[in-house]
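As the structure lists them, so they are numbered: ligands from 1, and atoms in each ligand from 1.
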Amino acid sequence: MSKMRIAGRQRLSGAVKVQGAKNSALPILAAAVLTKGESVIYNCPALSDVEASLQILRWLGCRAERSGNTVLVSCDGIDRFDIPDALMRKTRSSIVFLGAVLAARGRAKLSFPGGCEIGLRPIDIHLRALKKLGAVIKERHGFLDCRAPHGLVGAEIALPFPSVGATEDIMLAACTASGTTTVINAAREPEISDLADYLNNCGAKIYGAGEGVIVIDGVESLGCCEHAVIPDRIVAATLISCAAITGSEITLQGVIHSHLGAVVSAFEDAGCVFSSHENELRVSAPQRLQAMKIVRTMPYPGFPTDAQAPLLAASTVADGTTVFIENIFENRYRHTAELVRMGAEIKTEGKFAVVEGVSRLYGASVEAGDLRGAAALIAAGLSAEGTTEVGGVRYLERGYEDFELVLTSLGADIKKL
Ligand code: EPZ
């Protein structure tokens, strides 16, 4: 199992381009099963989660080739509707193939994605929505067998929670359904808008993506298109955390400022100064951060749950106390026990984490338990006195492309063992 070794007390400097968004590339690759012809997806990050989606596409009979950050995908040859357990288990987000395969093939058979490191990850909202579109779903022995013998029919669907995955699943199932689908209380994340842009460029008729109500007019079929994935706002937030925890000034290239509103605001409260120019964002951190007092994770455009762990790492060396309220996932503080091993003062109780800032962290051997927790521990290692070894690098590679190269280019002393 590979580890990362980080030398502490690092100052970062320079500029780095932010990778394409994992959580945009994944649903867009699933959407390809609905298209005819060859789509070209630019700025597609090289991640294990993305590789898993490419494997699923190939299993289904599609052609999916990567060269650098460009992926060519053509699903004219799709001849299956089942996704084997082994492939489903590689990444939870493969549930988003359900709506796309069901719409494209009239049937979809796949195993329950199952929980993951950060929570149970139920899919009840997905299944209830697909049934409203006419799907007949059998659940047995951990498998889902979904059919739409007479095709899918548009419906009005009100979501009990603005679930990102469920909103994407509905968009994928509804864009070639007969009639109109209205999604009420839809997720508003930028990745939803990016998926809608890809589908609309392929001929879909999706209106209101990014708002709370999305209307989808079903069309006969979809063509294909060229599409550039939006930048990854969570990777950007993670790099800002790395700069903040080390009192550094760095420049992020290729960001979309409007996607980072809540993140920038939180770091400004901590004393960071931001300046933006076109698609660049420069962050300059103080020697010692001020505590942010309260950080609540919320659906977009609120503070993103995926940035909680990296921001919490930075708060461990801030001056004062920060209270985190994790409102989205039920088990997303696994990184705190490891940060305490590095000298942080953190108490967690359910959705709450109370962080008392300390003067400094100390290098230690720590173990990541999930993707964003791994990034948080690396950020902490950059700041700690001495050397830190972070185990569980496989989690990091699910969402961060060449993270050690990115940090090395900013002056960090980090090596993958
Ligand atoms: C997406 O997960 C992201 N993953 C997550 O990023 C992100 O944290 C999350 O959205 C919230 O922004 C991808 O896009 C691949 P949800 P998703 O459905 O779709 C509950 C990362 O680190 N829920 O909005 O699974 C669920 O349990 C990952 O990149 C149900 O109860 O998130 C959770 O508590 C982690 N029933 C809440 O809603 C359902 O049917 C939010 O989940 C679906 C969800």
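Looking at E330 next to ligand 1, no N or O pair under 3.5 Å apart turns up. Taking only nitrogen or oxygen atoms, main chain and side chain alike, F329 does not reach within less than 3.5 Å of ligand 1. Below 3.5 Å of separation, one finds an N or O of I125 facing an N or O of ligand 1. For ligand 1, none of its N or O atoms has an N or O atom of A166 under 3.5 Å away.
A donor and an acceptor atom, one from each side chain of E249 and S284, are located under 3.5 Å apart.
Those atoms of ligand 1 with a heavy atom of D306 less than 4.0 angstrom away are 5 (C), 6 (O), 7 (C), 8 (O), 21 (C), 22 (O), 28 (C), 29 (O), 35 (C). Near R332, meaning under 4.0 Å from any of its heavy atoms, are these atoms of ligand 1: 8 (O), 22 (O), 35 (C). Heavy-atom contacts of I328 reach the following atoms of ligand 1: 33 (C), 34 (O), 37 (C), 41 (C) (cutoff under 4.0 Å). Per-residue contacts place S93 under 4.0 angstrom from the following atoms of ligand 1 (heavy atoms of the residue considered): 15 (C). Per-residue contacts place K22 under 4.0 angstrom from the following atoms of ligand 1 (heavy atoms of the residue considered): 21 (C), 29 (O). Shown in contact with F161 at under 4.0 Å from a heavy atom are these atoms of ligand 1, numbered in order with element: 37 (C), 38 (O), 41 (C). Counting atoms of ligand 1 from 1 in the listed order, those under 4.0 Å from a heavy atom of G165 are 18 (O), 19 (O). With ligand atoms numbered from 1 in the order given, ligand 1 contributes 27 (O), 30 (C), 31 (O), 36 (N), 39 (C), 40 (O), 43 (C), 44 (C) to contacts under 4.0 Å with heavy atoms of P122.
Every salt bridge (charged side-chain N to carboxylate O under 4.0 Å, His left out) that D413 has, sequence neighbours left out, goes to K415.
Distance CD/E65 to OG1/T70: 12.5 Å, rounded to 0.5 Å. Atom OG1 in T322 sits 10.0 Å away from atom CD1 in I294 (nearest 0.5 Å). Atom NE2 of H227 and atom SG of C202 lie 9.5 Å apart (nearest 0.5 Å).
Contact annotation: for V164 versus ligand 1, heavy atoms closer than 4.0 Å belong to both the backbone and the side chain. For E168, no heavy-atom contact with ligand 1 is shorter than 4.0 Å. In R372, the part holding a heavy atom less than 4.0 Å from any atom of ligand 1 is the side chain. With a 4.0 Å cut-off on non-hydrogen atoms, I118 touches ligand 1 through its side chain and not its backbone. At a heavy-atom distance under 4.0 Å, atoms from both the backbone and the side chain of D124 approach ligand 1.
For I328 against M298, the heavy-atom pair with the smallest separation is CD1-C, 3.9 Å.
Using a 4.0 Å cut-off between a side-chain N of Lys or Arg and a carboxylate O of Asp or Glu, K109 and D145 do not qualify as a salt bridge. The existence of a salt bridge linking R63 and E38 is confirmed by a sub-4.0 Å separation between a basic side-chain nitrogen and an acidic carboxylate oxygen. Using a cutoff of 4.0 Å between basic side-chain nitrogens and carboxylate oxygens, K416 and E397 are scored as salt-bridged. Under a 4.0 Å N-O distance rule, the pair D124/R128 does not qualify as a salt bridge. Between R398 and E117, at least one side-chain N (NZ, or NE/NH1/NH2) sits under 4.0 Å from a carboxylate O, which counts as a salt bridge.
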Candidate pair E326 and Q308, rule side chain to side chain donor-acceptor pair (under 3.5 Å), full reasoning: CA-CA 8 Å; E326 175 51 66; Q308 175 256 104; 3.1 Å; yes
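Of the protein's heavy atoms, S163 OG, 2.7 Å lies nearest to atom 18 (O) of ligand 1. Here the heavy atom of the protein found nearest to atom 11 (C) of ligand 1 is T305 CG2, 4.0 Å. For atom 17 (P) of ligand 1, the closest non-hydrogen atom on the protein side is R121 NH2, 3.8 Å.
The presence of a protein heavy atom under 4.0 Å from atom 20 (C) of ligand 1 is ruled out.
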